[in-house]
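Data first, discussion second: the structure below is written as structure tokens.
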Amino acid sequence: MRRQCTTGVLAVLGALFVVVLGATAAAAQPPEREVIPIDETFVDPFLSGECGVEVTVTLTGRVTAFTFPDGQVLQELFTVNFEVVATAGDNQIRARNVGADLIRVAPDGTAILTTTGQVPFEFTGVLKINLDTGAAILEPHHFYDIEQICEQLTA
């Protein structure tokens, strides 16, 4: 008997939760969307310095930016998808920069940047940064081996 009562209460609470979420979603303004094409070539000072040779990087693809007018919790979302080609002499390394960067405001008012995905020549995984202090809240566990990258570019 007690189980039926609990199940009924949970069902009613679940239905109310769905109605409240639906009303909140319906009231929220849709995000503004902008697609930014990427087609850029430059000498990368970091890779050039680490590898001891001039390394040119070419980026080709797009970034899609979503800005949330309500700005209460979600501020901005950027999805990235572009090819990265690092070139030194006749050597090349190809990689993809894919993932998302999300800026949101926590209940305590802290602005947090969350970067997920693959950031070539840096890391794969999740990085969270407190934008107010610049401190890392969560760091990725998978980093690229810069020595191995330089070996491939200078071989």
Side-chain angles (χ1 to χ4, degrees), residues 14 17-155:
F17 185 66
V18 168
V19 169
V20 168
L21 279 181
T24 302
Q29 294 179 20
E32 297 170 8
R33 180 179 179 260
E34 179 183 7
V35 177
I36 304 160
I38 305 292
D39 189 2
E40 210 174 304
T41 300
F42 57 92
V43 173
D44 187 301
F46 173 74
L47 287 174
S48 296
E50 289 293 317
C51 297
V53 297
E54 185 173 283
V55 178
T56 301
V57 172
T58 301
L59 309 174
T60 309
R62 73 179 189 296
V63 173
T64 305
F66 296 92
T67 303
F68 297 84
D70 294 345
Q72 294 175 358
V73 176
L74 294 178
Q75 300 288 313
E76 294 178 313
L77 171 65
F78 300 91
T79 61
V80 296
N81 185 353
F82 53 89
E83 180 179 44
V84 179
V85 180
T87 305
D90 293 332
N91 301 318
Q92 283 189 340
I93 296 177
R94 294 180 177 273
R96 301 281 315 164
N97 187 339
V98 293
D101 297 336
L102 172 68
I103 299 174
R104 69 176 180 83
V105 178
D108 68 358
T110 304
I112 297 171
L113 167 65
T114 302
T115 299
T116 62
Q118 176 175 300
V119 180
F121 315 125
E122 292 186 39
F123 68 87
T124 59
V126 179
L127 172 64
K128 287 187 178 186
I129 298 174
N130 178 327
L131 292 178
D132 297 329
T133 65
I137 299 168
L138 177 67
E139 293 189 26
H141 296 287
H142 305 283
F143 292 92
Y144 285 88
D145 183 346
I146 194 67
E147 290 178 14
Q148 184 180 23
I149 290 167
C150 289
E151 283 177 20
Q152 292 176 8
L153 287 171
T154 58

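Note that these values count all heavy atoms, side chains included, but never hydrogens, waters or copies made by symmetry.
From Ile129, atom CD1 reaches atom CD1 of Ile137 across 8.5 Å, with rounding to the nearest 0.5 Å. If you take CD1 on Ile103 and CG on Leu131, they are separated by 6.0 Å, rounding to the nearest 0.5 Å. Remark: Glu34 CD to Phe66 CZ distance equals 11.0 Å, nearest 0.5 Å. One distance of note links CD of Glu139 with CZ of Phe123; it measures 10.0 Å at 0.5 Å rounding. Between atom CG of residue Leu153 and atom OG1 of residue Thr87 there is a gap of 8.0 Å, rounded to the nearest 0.5 Å. Atom OH of Tyr144 and atom CD of Glu122 lie 9.5 Å apart (nearest 0.5 Å).
Screening Val57, Val53, Thr56 for a side chain to side chain contact (heavy atoms under 4.5 Å, CB included) involving Leu47 leaves a single residue, Val57.
For the pair Phe46/Val55, no side-chain contact is recorded, criterion being any heavy-atom separation below 4.5 Å from C-beta on. Looking only at side-chain heavy atoms (C-beta outward), Thr58 and Phe42 stay at 4.5 Å or farther from each other. Inter-residue side-chain proximity for Arg33 and Val35 is flagged as met; some heavy-atom pair is nearer than 4.5 Å.
Listed by chain and residue number, Ile93, Gln148 satisfy the side chain to side chain contact (heavy atoms under 4.5 Å, CB included) test with Gln152 (two or more places apart in sequence, or in another chain). By the side chain to side chain contact (heavy atoms under 4.5 Å, CB included) test, Leu138 is found to be paired with Val126, Lys128, residues two or more places apart in sequence or in another chain being considered. Considering only residues two or more places apart in sequence or on other chains, Val80 meets the side chain to side chain contact (heavy atoms under 4.5 Å, CB included) condition with Val63, Phe82, Asn97. For Arg62, the side-chain hydrogen bond (donor to acceptor under 3.5 Å, both in side chains) test picks out no residue, with sequence neighbours left out. Under the side chain to side chain contact (heavy atoms under 4.5 Å, CB included) criterion, Glu147 pairs with Asp145, sequence neighbours left out. Partners of Ser48 under the side-chain hydrogen bond (donor to acceptor under 3.5 Å, both in side chains) rule, at least two apart in sequence or in another chain, do not exist in this structure. With sequence neighbours left out, the side-chain hydrogen bond (donor to acceptor under 3.5 Å, both in side chains) criterion links Glu83 to Arg94. By the side-chain hydrogen bond (donor to acceptor under 3.5 Å, both in side chains) test, Thr64 pairs with no residue at all, sequence neighbours left out.
Here the closest non-hydrogen pair linking Ala111 and Asp132 is N-OD2, 3.6 Å. Of all heavy-atom pairs spanning Asn91 and Ala155, the tightest one is ND2-O, 3.0 Å. Shortest non-hydrogen contact noted between Pro69 and Pro30 is CD-O, 3.6 Å.
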Given side-chain contact (heavy atoms from CB on, under 4.5 Å), test Phe78 with Ile36 step by step and report yes or no.
CA-CA 10 Å; Phe78 300 91; Ile36 304 160; 5.6 Å; no
Worked check of side-chain contact (heavy atoms from CB on, under 4.5 Å) between Thr124 and Phe143:
CA-CA 6 Å; Thr124 59; Phe143 292 92; over 6 Å; no
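Within the structure, salt bridge (Lys or Arg N to Asp or Glu O under 4.0 Å) contacts touching residues 39-57 (residues at least two apart or in different chains) do not occur. Residue pairs meeting the side-chain hydrogen bond (donor to acceptor under 3.5 Å, both in side chains) criterion with at least one member in residues 98-114, sequence neighbours excluded, are Asp101-Thr115, Asp108-Thr110. Each disulfide (SG to SG under 2.5 Å) pair with one or both residues in residues 78-117, not counting sequence neighbours, would appear here, but there are none. Judged as a disulfide (SG to SG under 2.5 Å), the pairs with a partner in residues 118-155 (not counting sequence neighbours) are, in order, Cys51-Cys150.
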